[in-house]
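All remarks here apply to the structure that follows.
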Amino acid sequence: MTKRLTVPDIRARKGGVPLVVLTAYSAPFAKILDPHVDILLVGDSLGMVLYGMESTLGVTLDMMIAHGRAVVKGSGSACVTVDMPFGSYQQSPAQAFENCARVLADTGCQAVKLEGGAELADTIKFLTQRGVPVMGHVGLMPQHVHAMGGFKTQGRGEESRRKVLADARAVAEAGAFAMVLEGVASDVAGDVTRQVAIPIIGIGASNECDGQVLVSEDMAGLFSDYMPKFVKRYGDLAGELETAARAYAEEVRARAFPAKEHCFAPNPALVDVKKAGK
Ligand code: KIV
């Protein structure tokens, strides 16, 4: 049995071979991606990617638990990290602990991810001191979409640059074992990576980070509603699925599917009756 990568294994990768991180929301995806990644992230991006929501704000704890459990079941070596959805951890450290403990216990995942900077440091400290492994998420924080006035690149201008750096330092000092850095100017991503002692996992950051994460559906060309600048497509799953669906539809309409080999043998009793001309 392959041993799963642990939180300390991930933490120890600071400055080493870049961490490979992809999102997964289901057991079949997890099974395919698992051998290729260090971390499988059950991101709350599933609200948009799977459920057609306009933002991640409507994602619930129950949704994250159901998908988190599926990803743990489908994988065997990646460190599975589950996003805490909006509203499940911001109210107080006690609320955060109760919900994070539920996610860890009900899914079997290794860690949880929380969005937030310096304002969340006390909560992260409270959690990590009580045995909850926390991955941070700073820079562009999709759960803050309305507060930020949209999905806007962070770290442009001196004030924003200082805020991103201060947020990243606060989250690391509070005890996070790694951090996603999303949608920031590339020089700021380099500064954060050099100045913060834990692995920085970039998305729309730069290749100076300690690792990279992408939404798998973006990476494999399955989700085409919107393509951010920082996405590179490594496949055309949408095209493949369309080709397969078209071929299936044609064969069903032409009665070419199912063929004999897809059907069960006729009931012998009825064949005998027919043969006997009854
Ligand atoms: O929700 C998500 O998938 C994420 C990644 C894009 C970092 O937070």
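For ligands, and for the atoms within them, numbers begin at 1 and follow the listed sequence.
Aromatic rings from F29 and H67 are positioned such that their centres are separated by 6.0 Å or more.
Residues forming a side chain to side chain contact (heavy atoms under 4.5 Å, CB included) with H36 (at least two apart in sequence, or on another chain): none. Every residue two or more places apart in sequence or in another chain was checked for a side-chain hydrogen bond (donor to acceptor under 3.5 Å, both in side chains) with Q110, and none qualifies. Looking at residues two or more places apart in sequence or on another chain, you find a side-chain hydrogen bond (donor to acceptor under 3.5 Å, both in side chains) between D167 and K163.
Around NZ of K73, the count of heavy atoms belonging to other residues, nucleotides or ligands within 6.0 Å does not exceed 12.
Side chain of R130 to main chain of F126: a donor-acceptor pair is present (N/O by atom type, distance under 3.5 Å, no hydrogens or angles).
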Check: every ligand 1 N/O to protein N/O pair under 3.5 Å:
unit_1   : atom_1 : unit_2 : atom_2 : d
ligand 1 : 1 (O)  : D44    : N      : 3.2
ligand 1 : 1 (O)  : D44    : OD1    : 3.0
ligand 1 : 1 (O)  : S45    : N      : 3.0
ligand 1 : 1 (O)  : S45    : OG     : 3.3
ligand 1 : 1 (O)  : D83    : OD2    : 3.1
ligand 1 : 3 (O)  : S45    : OG     : 2.5
ligand 1 : 8 (O)  : K113   : NZ     : 2.9

